[in-house]
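Residue numbering restarts at 1 for every chain, and letters A, B, ... go by the order of the sequence lines.
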Amino acid sequence: MSHYRAADIEAKWQEAWDAAQVFRAERSGDRPKYYVLEMFPYPSGRIHMGHVRNYTMGDMIARHKLATGHNVLHPMGWDAFGMPAENAAMASGGHPRDWTYGNIADMRGQMKPLGLSIDWSREFATCDPEYYGQQQALFLDFLEKGLVYRRNAVVNWDPVDMTVLANEQVIDGKGWRSGAEVERRELTQWFFHISDFAGELLDALDGLENWPAKVRLMQENWIGKSRGLQFAFERTDGGEIEVYTTRPDTLMGASFVGISPDHPLARELARTRPDVAAFRAQCAKGGTTEEALEKAEKLGFDTGLRVRHPLDPNWELPVWIANFILMDYGTGAIFGCPAHDQRDLDFCRKYDLPVIDTFVALDDPSPVSDTAFVPPKDRQVCWIDHFTGIETATGQEAIDATIDFAEAHGWGKGVTKYRLRDWGLSRQRYWGCPIPVVHCDACGVVPERKENLPILLPYDEDGTPIDFAIPGNPLDRHPSWRDCACPACGKPARRETDTMDTFVDSSWYFARFTAPRATTPTDLDAAGYWMNVDQYIGGIEHAILHLLYSRFFARAMHICGHLPQTAIEPFDALFTQGMVTHAIYVTRDGSGRPVYHFPEDVEVHESGARLGATGEEVQIVPSAKMSKSKKNVVDPTTIIAQYGADTARWFVLSDSPPERDVEWTAAGAEAAHKHLSRVYRLVCEIAGSSDAGTPEADETLLREMHKTVHEVSGGVESFGFNAAIARLYAFTNTLAKSPAGAAAKRQAATALVQLMAPMTPHLSEELWALLGHEGLVATAPWPVADTAMLASDTITLPVQVNGKRRAEISVPRDMGQAEVEKAALANDAVIRSLDGAQPRKVIVVPGRIVNVVV
RNA sequence: GCCCAAGUGGCGGAAUGGUAGACGCAGGGGAUUCAAAAUCCCCCGCCUUCACGGGCGUGAGAGUUCGAAUCUCUCCUUGGGCACCA
């Protein structure tokens with residue numbers, strides 16, 4: 001008998017799988033198809049433990065489905081466009097293309113030793129011209145169907161570097177390189193019409209039963225359906241201001257009308273009035289994120305204009321410009337009701353506007369001081385209505401009554417609005433998919449001809465080097481690429497130099513995997529066969545944007561004939577897995593600044609941690625997301641070299657529930673490896689044994705085996721991976737201690753090896769062969785539990801007295817309730833605990849528990 | 001600021017209305033060994049008790065229930081997202 005040597009075993013079986021083409025996905029009629037997909041990685045340079053966890057989970061599903069008779073598609077690719085490649089080129093020279101493909105080669109090399117059941121023949125990167133060319137074709141189809149359009153929108157503008165910044169490049173309102181205060185500036189940009197699909201994307205969430213409820217809720221809130229009243233305030237100087245409100249019931253408490261700094265009226269005023277222009281400029285400071293806007297100090301400017309209240313022409317309200325009103329939502333104008341909205345109240349107190357608090361109140365009305373009273377929509381409020389005649393109603397009834405009233409009198413109408421905004425896809429960067437249009441002075445915006453696709457990113461073919469050293473989009477500075485002939489009239493024209501948001505790349509890759517070499521974006525036959533993705537797995541950080549964009553894209557692709565109707569919800573089931581974390585090791589330098597250390601440089605003892613080199617004491621910050629800057633990273637390649645892939649796979653699955661974060665610990669990895677070694681030894685021993693056992697011992701072991709098969713199968717199917725592994729630990733203990741005979745033990749060991757195969761595929765193949773089985777365990781049929789072997793004849797019931805456990809009784813499984821009650825009351829411990837008191841009630845939950853209530 | 005989630009021994013966690021702490025790590029004791037590594041066996045929430053037992057206990061506080069880690073409300077802490085990070 002030899003030792004468990006992962007290195008020898010793993011390479012051998014990976015070659016065997018390759019040779020047998022086990023994971024090659026081919027369409028075939030006789031087995032049901034199963035498409036399992038993990039969110040594809042960004043090629044940052046090295047794979048990390050988060051990737052290992054993500055792909056191991058997907059691999060488990062894929063291997064389990066293969067063993068249960070499915071035709072499995074399990075592909076892998078690269079989300080390869082994006083800022084880091086351009087930043088790398090800016091920081092250290094080189095070209096984003098070389099950097100990216102180099103990283104892909106490195107990461108593929110790191111991933112293959114994991115032994116994933118991937119069909120590598122379908123691999124692609126989104127920066128492959130074959131992929132982004134098809135994406136350009138999709139764009140043109142979308143354009144033709146009116147799914148894409150152009151309009152102005154704001155971006156973060158760095159006034160020193162003269163460039164557009166991504167949100168993550170804005171630190172505390174300042175540009176990350178220049179340090180200059182960022183401004184909001186308008187550019188003409190391309191948008192997808194996703195808001196046209198808001199209602200449908202919302203309604204269809206109900207059908208996504210195999211998505212986590214929290215993800216559906218987050219999407220629901222993001223889409224943000226609301227019903228409210230839209231109406232116009234008449235300006236005293238002529239004209240009107242259209243507003244939208246979800247709380248029309250508070251109209252009698254209005255103090256002012258507010259408009260966005262980007263509202264057409266504010267723009268118009270700014271043209272002639274320097275004070276308005278100055279205020280608008282002040283509002284344009286800072287970044288574009290919703291968080292920045294919400295947290296910014298609330299600023300207001302009195303335009304001097306006035307409007308009439310719709311219910312009382314003598315009641316005039318001032319018109320203010322306020323920085324917290326978003327032009328993108330509603331009509332870009334509101335009425336402010338300080339008594340019933342906290343933000344409006346703060347605003348009115350700040351600018352000394354009146355607070356009218358006599359309209360809606362609780363049964364015990366008290367004047368509004370610093371806290372607004374928001375009438376609850378679902379609760380009855382005391383209602384003093386000036387025009388509908390309703391005196392008491394729930395908040396919702398009051399809202400509906402007000403809308404009805406406005407419609408009946410013809411000054412407003414009930415409308416449904418969504419918070420969801422159209423998806424801006426233009427990026428002023430090089431390393432992305434070029435938008436295939438041309439700007440012509442004569443013809444305007446002209447789509448490229450499809451036969452000219454792909455519009456390739458320039459490398460340096462014509463001697464005009466791409467310069468990444470200066471900020472801004474290199475495509476703008478590349479005349480030989482930018483200048484072209486108009487596809488319509490042939491006169492000199494300019495290419496669009498904006499590229500697409502990388503979310504576009506990841507919004508249809510799952511469809512492309514079904515026919516990755518097709519000369520059209522998809523092959524309808526292949527997509528019809530393989531779609532939908534049966535199980536999608538990825539991080540919770542993608543719960544909203546990526547998943548919503550993909551749902552939109554599937555619908556848009558269907559409209560253009562690239563996906564069947566059945567694929568408009570592309571992901572049947574979704575699982576969101578947690579991160580891999582690791583302790584951070586910190587020391588302080590002379591001035592108290594933190595200095596981080598790699599785990600391999602630190603010796604951890606019971607009493608604390610010290611630097612291996614100097615013995616300096618190290619502070620341990622537990623459980624933080626692995627990041628290069630904090631040096632709390634563990635390289636999967638190192639772990640595989642030390643213990644093998646099966647150990648890494650076993651550990652990331654075993655230590656935490658998959659939806660939660662898992663902390664990587666050296667001790668945990670060590671323990672996982674010890675356990676696999678133990679299984680190896682145990683199975684070797686069983687394979688060589690010829691001991692006789694008793695029929696009783698054999699039956700006990702086989703009963704345990706069937707229970708284990710049942711529970712582990714259930715765990716694998718329901719993402720209870722850590723509980724499944726705990727069950728496998730327990731069964732290994734049972735098997736090791738069992739006095740059963742060699743034949744029964746071999747049967748039990750075979751089941752153990754098969755149940756472990758999706759998690760530790762190499763070890764399982766080795767032991768499968770060692771136990772004398774033919775073929776590969778990867779393709780062997782999954783074991784099935786014999787239900788007759790799952791139940792035993794007697795059961796143990798806990799007995800509670802007043803909800804506290806006092807005794808256990810052992811009774812036949814099928815004993816009647818009355819007899820169970822009698823047995824419980826006859827128990828010594830129960831009698832002692834009752835201490836002579838008469839039971840008032842005895843609750844018997846069959847097969848579960850007995851509770852005696854005194 | 002807004003939306004979503006999580007919180008259980010020294011640690012990771014199990015139990016989704018029915019025996020809280022399965023399984024693993026760390027720790028303690030023992031066997032084996034010249035010794036060690038490796039391996040194997042036993043113990044292991046806290047307080048109390050010689051022991052049997054008893055009390056307390058799932059972030060904090062309230063509530064529903066015969067019974068709550070699990071359901072409801074309020075609060076605290078941590079994590080994810082907030083539309084140009086991927």
May I ask you to say what [X] touches in the nucleic acid, namely base, sugar-phosphate or nothing, with a heavy-atom cut-off under 4.0 Å?
{"X": "A:E808", "value": "base"}
{"X": "A:S654", "value": "nothing"}
{"X": "A:P41", "value": "nothing"}
{"X": "A:V164", "value": "base"}
{"X": "A:E297", "value": "nothing"}
{"X": "A:I843", "value": "base"}
{"X": "A:V850", "value": "nothing"}
{"X": "A:G578", "value": "nothing"}
{"X": "A:A543", "value": "nothing"}
{"X": "A:K295", "value": "base"}
{"X": "A:L420", "value": "base"}
{"X": "A:G82", "value": "sugar-phosphate"}

Within the sub-3.5 Å range, which N or O atoms of nucleotides 37-42 of chain B have a protein N or O partner, and how far apart are they?
unit_1	atom_1	unit_2	atom_2	d
B:C40	OP1	A:R678	NE	3.2

Per [X] side chain, nearest of listed nucleotides [options]:
{"X": "A:D501", "options": "B:C25, B:C84, B:A22", "answer": "B:C84"}
{"X": "A:N851", "options": "B:G24, B:C66, B:G12", "answer": "B:C66"}
{"X": "A:Y549", "options": "B:G12, B:A83, B:A22", "answer": "B:A83"}
{"X": "A:R805", "options": "B:C25, B:A20, B:G18", "answer": "B:A20"}
{"X": "A:V845", "options": "B:G18, B:C85, B:C4", "answer": "B:G18"}

Legend entry - Geometric class of the A:F192/A:W423 ring pair [parallel <30°, tilted 30-60°, perpendicular >60°]: tilted
Inset, instruction - Can you see which heavy atom on A:G539 is nearest to which on A:M39, and at what distance? - result: N-SD, 3.7 Å
Over-ring placement of [X] relative to [Y], 6.0 Å and 45° cut-offs:
{"X": "A:R150", "Y": "A:W190", "result": "yes"}
{"X": "A:R419", "Y": "A:W222", "result": "yes"}
{"X": "A:R151", "Y": "A:F191", "result": "yes"}

Inset, instruction - Check for a donor-acceptor pair, side chain of A:N156 on one end and backbone N or O of A:L165 on the other, with a separation under 3.5 Å. - result: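 Side chain of A:N156 to backbone of A:L165, a donor-acceptor pair under 3.5 Å: yes, one is there.
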Establish, with yes or no, whether the OP1 or OP2 oxygen of [N] is under 4.0 angstrom from a side-chain nitrogen or oxygen of [X].
{"X": "A:R660", "N": "B:A14", "result": "yes"}
{"X": "A:R427", "N": "B:C84", "result": "yes"}
{"X": "A:N722", "N": "B:A14", "result": "yes"}
{"X": "A:N733", "N": "B:G24", "result": "yes"}

Legend entry - A:E86 CD - B:C84 C1' separation (whole Å):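 It works out to 12 Å between those atoms.
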Inset, instruction - Report yes if a donor N or O on one partner sits less than 3.5 Å from an acceptor N or O on the other, where the partners are the side chain of A:R840 and the base of B:C66; otherwise report no. - result: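 Result: no qualifying N/O pair found.
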For [N], give its Watson-Crick or G-U wobble partner with both distances under 3.5 Å, or none.
{"N": "B:C44", "answer": "none"}
{"N": "B:C2", "answer": "B:G81"}
{"N": "B:A51", "answer": "none"}
{"N": "B:A60", "answer": "B:U74"}
{"N": "B:U39", "answer": "B:A31"}
{"N": "B:G12", "answer": "B:C23"}

Inset, instruction - Taking only Lys NZ, Arg NE, NH1 and NH2, and the carboxylate oxygens of Asp or Glu, determine whether A:R727 and A:E704 approach each other closer than 4.0 Å. - result: yes
Legend entry - B:C25 and B:A36, which share atom name C1', separated by this distance in whole Å: 23 Å
Inset, instruction - Any chance you could list the contact pattern along nucleotides 70-82 of chain B? Use B for base contacts, S for sugar-phosphate-only contacts and - for none, protein heavy atoms under 4.0 Å, 5' to 3'. - result: ----------SSB
Inset, instruction - Determine if the base of B:G67 is syn or anti; take syn to mean the glycosidic torsion is within 90° of 0. - result: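 It is anti.
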